[in-house]
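Structure, as C-alpha cells:
Atoms within each ligand, like the ligands themselves, are counted from 1 in listed order. The model shown is predicted, which means the values in this text are computed figures rather than measured ones.
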Amino acid sequence: MKVLLVDDSKLIRSMVTNMLQDIGHEVEHAEDGQIAFDKLSGGQAFELILLDWNMPNVTGPELLKMLGDNGLIKCPIVMMTTESAEEKITTCLELGASEYVIKPFTPEILQEKIDMASGF
Ligand SMILES: [Mg+2]
C-alpha cells in the first residue's frame, strides 16, 4: 500500500516507516499538515494516511478540516495521538478520520488499525 506518513517528529517518522516497510508498504513523508495538504491537493494519491495530532503550521485536526472542506479525503486516515481523550478522538472521527492509534504503538497494533481503517 502507498502510505503518506504525516508527523513532525523525525524519530516517529523513522520508527513508523520501519514498521510500515517491514509489512510491505511504500512510505512517503510529510513533516507537517501544510506539506501534506500541498501533496494531496496537488493530486498525489495514497491508499492510507497516518496523521499526527500535534504539528507546527497545520496540525492533524486542522488538516482533516482542510481536506474535508476541499473534498480531498479519498482514502482511510488513521490519527496518531499521544492521549486517549475521548472528546479529541470523537472530533477527529467527525472530521473524517477512520481510526486512531495511541502512541507509542507496536507493529501489531499498527497493523490492526490499518486493517480496521481499510475495512478488513
Ligand atoms: Mg507531533
Side-chain angles (χ1 to χ4, degrees):
M1 215 164 12
K2 198 174 173 196
V3 181
L4 178 63
L5 172 59
V6 190
D7 200 304
D8 60 315
S9 159
K10 197 177 176 186
L11 179 65
I12 296 282
R13 289 200 304 272
S14 163
M15 282 170 45
V16 177
T17 296
N18 285 338
M19 287 186 194
L20 290 166
Q21 286 176 344
D22 282 351
I23 50 177
H25 299 301
E26 191 185 320
V27 187
E28 183 157 332
H29 295 157
E31 292 77 14
D32 66 40
Q34 184 61 54
I35 294 169
F37 184 79
D38 291 345
K39 286 179 189 284
L40 294 161
S41 62
Q44 286 196 55
F46 297 91
E47 291 156 277
L48 179 81
I49 298 171
L50 288 177
L51 180 60
D52 183 28
W53 184 291
N54 290 309
M55 292 181 290
N57 305 320
V58 172
T59 67
E62 285 167 356
L63 175 63
L64 281 175
K65 178 92 173 58
M66 287 161 69
L67 293 175
D69 287 349
N70 290 280
L72 289 169
I73 299 182
K74 294 173 178 172
C75 70
I77 300 175
V78 177
M79 284 298 300
M80 300 182 291
T81 66
T82 47
E83 51 192 321
S84 57
E86 204 171 309
E87 188 184 309
K88 284 188 158 189
I89 289 163
T90 304
T91 301
C92 280
L93 297 177
E94 282 171 0
L95 287 171
S98 301
E99 273 298 331
Y100 67 92
V101 59
I102 312 289
K103 290 190 278 191
F105 47 80
T106 63
E108 290 73 24
I109 288 172
L110 180 60
Q111 177 72 69
E112 190 179 303
K113 295 291 182 176
I114 291 173
D115 288 348
M116 284 164 73
S118 308
F120 283 103

Is there a side-chain contact between K39 and E28 in this structure, where contact means two heavy atoms from C-beta onward sitting under 4.5 Å apart?
yes
Any residue meeting salt bridge (charged side-chain N to carboxylate O under 4.0 Å, His left out) with D22, in chain and number order, not counting sequence neighbours:
none
Listed protein N/O/S atoms, distance to the Mg ion (ligand 1) under 2.8 Å
D8 OD1, D52 OD2, N54 O
Close side-chain approach of L110 and L20, heavy atoms under 4.5 Å:
yes
Quick check: closest heavy atoms across L5 and M80, and the distance to 0.1 Å?
CD1-CE, 3.8 Å
Exercise: identify the closest heavy-atom pair between M1 and S118
CE-OG, 4.2 Å
Minimum-distance pair of heavy atoms, taken over all atoms of A36 and L63
CB-CD2, 3.7 Å
